[in-house]
Trainee: 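Quick one: this structure, given as structure tokens, is what I'll be asking you about.
Small disclaimer: the values here were computed from a predicted structure and weren't measured. One-based numbering, in listed order, for ligands and for the atoms of each.
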Amino acid sequence: MASKMVSWMKFKSTILFALVFTLAAPFWADLLPGSSNVQAEARSRHHRVSSTRRASSGASKRSRTTKASTRSSGRTRVTRHATTHKAAASKPKYAYPLDFFMMHPPALDTTALDEGAASDIRHAFNVGTADDINAERLVKAGVFRYHPLSGGIFRRREPVKYIVLHSTETGPPVPAKNVINAWNSMGRRHPGAQFVVDRDGTIYLALDPDLASVHVNIFKTLPGINNDNTIGIEMNHTGRQNYPLEQREAVKRLVTYLQHRFDVTSENVITHRYAQQGDHTDPVNFDLDGFLASKEVFRQHALALKPRRPKFVIEEETEDEMPLASVYVQIHGLLKLPNLESLAPAIMPQALLERMPPSSARFFAGKPGANARTDMVDSEGLPPHMN
Ligand SMILES: [Zn+2]
């Protein structure tokens with residue numbers, strides 16, 4: 001694997017160039033209205049739609065080369081995609097005007113948090129309870145790696161309603177960062193998703209999910225699904241590759257985080273192929289049912305955990321100025337009973353015992369140390385005013 005990577009690095013510039021067109025071809029089509037053969041085939045190149053043969057001989061030829069090119073080398077793909085790209089771009093009628101897009105999002109503070117705080121946040125994300133933590137803070141904690149989108153950004157005009165899963169289908173396998181770099185090389189108007197999850201489980205934040213980018217073709221989506229009300233998650237995957245466990249786990253946590261943060265129902269966690277029916281097939285070779293079942297188990301577990309978060313415990317404690325009995329009684333079993341007995345009379349003056357909740361007072365009252373102070377308790381071992 002390592003030697004393969006070195007080999008790829010040698011052809012880095014070639015591959016980047018290839019990517020621009022490989023990734024551009026389908027998305028340029030997505031940014032365009034209409035349904036010409038050329039555009040339809042551009043999309044099929046990206047997501048391997050099994051398109052029917054086109055009527056014209058020219059289109060038919062392109063259709064065949066699509067099928068061949070998915071199995072051929074990256075270099076061959078460049079030429080063929082470049083041709084498609086030019087053909088698609090020759091009809092410049094766009095879904096969004098050029099000045100609709102921002103080149104840069106508001107700056108994120110990516111300074112690392114101290115390890116203690118970062119570790120708490122990573123834990124919260126890993127168990128599915130991080131939904132009150134924003135994307136910037138998750139970057140600072142090392143949960144997300146920020147590799148920002150430039151261009152193709154706009155402000156949402158609707159609240160988030162759907163989470164859309166994609167696969168990158170880059171032809172040659174490339175690191176997730178390169179996918180974002182390829183988008184960014186296209187200027188002000190180009191496709192992009194908020195997240196790209198790499199095969200090792202690294203979650204790249206390309207754009208704060210509060211903001212929008214173009215990851216679905218609004219001329220092709222089911223009614224009500226658009227770029228304003230969706231968050232796009234690209235999984236780095238191409239062709240017959242599997243989806244490694246690390247990657248699936250990362251996507252599971254990310255989807256759960258986004259569902260809770262943006263109040264997205266489980267039925268609105270969808271795929272690009274669902275959003276653009278008969279038009280896209282990504283995420284390709286993805287076990288969606290298995291993923292959704294596993295994600296739902298994780299999410300329900302996370303929901304069950306939420307009431308036990310430290311935030312709530314602290315709120316309960318501060319309601320009453322007095323510490324809970326558990327502070328004295330059982331610090332996760334570290335405080336042994338004999339020590340407690342010897343401490344009880346010293347730390348439980350009458351005034352404090354009287355202010356205690358009945359359950360706590362009953363505990364101390366029942367202990368030998370407390371019982372020894374007969375002036376504090378009645379014959380049944382309870383303070384008189386609690387009988
Ligand atoms: Zn897609």
Trainee: Taking the inter-plane angle between the rings of H237 and Y243 on a 0 to 90° scale, is it parallel (under 30°), tilted (30 to 60°) or perpendicular (over 60°)?
Mentor: parallel

Trainee: With carbon and hydrogen excluded and only N/O/S kept, which atom of H272 is nearest the Zn ion (ligand 1)?
Mentor: ND1

Trainee: Measure the acute angle between the ring planes of F100 and F154, then classify it against the limits of 30° and 60° as parallel, tilted or perpendicular.
Mentor: tilted

Trainee: Look at atom CG of D263 and say whether more than 12 heavy atoms of other residues, nucleotides or ligands are closer to it than 6.0 Å.
Mentor: no

Trainee: Please say whether more than 12 non-hydrogen atoms of neighbouring residues, nucleotides or ligands are located less than 6.0 Å from CZ in R188.
Mentor: yes

Trainee: Restricting to N, O or S, what is the name of the atom of D282 that lies nearest the Zn ion (ligand 1)?
Mentor: OD2

Trainee: Specify which N/O/S atom of H166 comes nearest to the Zn ion (ligand 1), by atom name.
Mentor: ND1

